Amino acid sequence: MTGIPAALRENHHADVSGGWLRPAVFGAMDGLVTNIALIAGVGGGGVSPRSIVLTGAAGLVAGAISMGLGEYTSVRSANEQIAAEVAKERRELERHPEAEARELAEAWVARGLPRDLAVQVADAVRHNPEEALRMHVREELGVDPDEQPSPWAAAISSFVCFSVGALVPLLTYLLGFTSLWLALGVGGVGLFVAGAIVARFTYRPWWSSGLRQLLLGGLAAIATYFVGTLIGVSAG
């Protein structure tokens, strides 16, 4: 496969329009960081392992629902806004096709296309209303109207990945261990592994991506641990 040009191979690019990768990554990282920080905070305050599990479980359920609903609303609202702009562009093409063709030609000229060729192509595209609409939307809005992310894909991937991420730092407690540091250590491993997995999609070095996520999650855990410790001491 390495001897075949990428342009001649099918699926040589990752799917960047399905709407699942960003919310999945965000959900997993948020789940990990949220529950690691919660466990560190309440654990630093000196509460019992049972209270830590209760806090973590509540954070998992509430966070997963919030993430799923938030992603669905966000993606659907963005899609509806794009649909409204596409409808506006469609009306302009129906009312002023010549002016819109000139506008498209000028955009191509600005990108370096010879004016005569730009005008000729824009005029040819004008006679295909759907293709003209796609061209104008891509040029003016920077999006493809036929490849918008799915709000359901975003919501489900965010919900599931948040739940999985939030479960990781609770695993040791659920298995019967009571050490706060063991739970935080497992959470740290989860952060590193999640970051390394993300590198599979972004082509960053796996160790660099893993360490970045571990550092960010570790900072959150340190902050909440000391806040929990201070509150626990003052309350005592």
Side-chain angles (χ1 to χ4, degrees), residues 6-7 9-31 33-34 62-113 115 117-165 194 197-204 209 213:
R9 299 200 304 264
E10 293 184 3
N11 302 321
H12 65 280
H13 285 297
D15 178 14
V16 297
S17 62
W20 66 271
L21 180 58
R22 182 194 61 82
V25 171
F26 185 44
M29 296 305 176
D30 197 22
V33 174
T34 295
I65 293 173
S66 176
M67 286 291 292
L69 292 176
E71 284 293 341
Y72 179 85
T73 303
S74 174
V75 174
R76 179 158 185 171
S77 297
N79 287 354
E80 289 173 347
Q81 182 184 30
I82 290 172
E85 292 299 320
V86 169
K88 183 190 300 182
E89 189 64 31
R90 187 187 296 275
R91 290 193 298 270
E92 287 300 310
L93 285 168
E94 292 172 351
R95 295 170 181 170
H96 311 291
E98 293 83 4
E100 290 294 316
R102 287 195 298 271
E103 181 184 28
L104 188 59
E106 289 298 330
W108 287 337
V109 169
R111 292 190 177 194
L113 201 66
R115 179 173 295 277
L117 180 59
V119 171
Q120 182 180 357
V121 174
D123 187 63
V125 169
R126 179 166 65 90
H127 297 289
N128 185 338
E130 290 304 315
E131 185 61 30
L133 178 64
R134 281 191 290 271
M135 289 286 186
H136 280 272
V137 170
R138 287 170 185 162
E139 289 293 335
E140 297 180 30
L141 302 180
V143 298
D144 189 328
D146 297 328
E147 295 186 4
Q148 295 307 303
S150 165
W152 282 109
I156 293 171
S157 59
S158 179
F159 179 91
V160 172
C161 291
F162 183 98
S163 300
V164 172
I197 291 173
V198 170
R200 162 69 178 75
F201 300 97
T202 61
Y203 304 106
R204 288 174 54 89
S209 183
Q213 298 305 324

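Values in this document were obtained by computation on a predicted structure and should not be read as measured data.
- C161 contributes atom SG, which lies 10.5 Å from atom CD of E71 (distance to the nearest 0.5 angstrom).
- Using a distance-only test at 3.5 Å, with no hydrogens or angles considered, no donor-acceptor pair links the side chain of S66 to the main chain of A62.
- Heavy atoms of other residues, nucleotides or ligands lying less than 6.0 angstrom from OH of Y72 number more than 12.
- Classification of E140 and K88 as a salt-bridged pair fails, no side-chain N sitting under 4.0 Å from a carboxylate O.
- Across every non-hydrogen atom of V109 and A118, the tightest pair is CG2-CB, 3.7 Å.
- Here E92 contributes atom CD and E103 contributes atom CD; the two are 9.0 Å apart, rounded to the nearest 0.5 Å.
- Rounding to the nearest 0.5 Å gives a distance of 11.5 Å between CD1 of I197 and CD of Q213.
- Between R76 and E80 there is a salt bridge, since a side-chain N of the basic residue sits under 4.0 Å from a carboxylate O of the acidic one.
- Contacts of S163 classified as side-chain contact (heavy atoms from CB on, under 4.5 Å), with partners at least two apart in sequence or in another chain: L60, A64, F159.
- Looking at every heavy atom in both residues, V125 comes nearest to A132 through CG1-CA, 3.4 Å.
- No more than 12 heavy atoms of other residues, nucleotides or ligands sit less than 6.0 Å from atom CH2 of W152.
- Considering all non-hydrogen atoms of both residues, R138 and E131 come closest at NH1-OE2, 4.2 Å.
- D123 is linked by a side-chain hydrogen bond (donor to acceptor under 3.5 Å, both in side chains) to R126, counting only residues two or more places apart in sequence or in another chain.
- In terms of heavy-atom proximity, W20 sits nearest to S157 at O-OG, 3.4 Å.
- By the side-chain contact (heavy atoms from CB on, under 4.5 Å) test, P145 pairs with V86, R134, V137, sequence neighbours left out.
- The two residues P149 and N79 have their closest heavy-atom pair at O-ND2, 2.7 Å.
- For R200, the CZ atom sits in a loose shell: 12 or fewer heavy atoms of surrounding residues, nucleotides or ligands are nearer than 6.0 Å.
- Considering CD of E89 and CD1 of I82, their distance stands at 13.5 Å, rounded to 0.5 Å.
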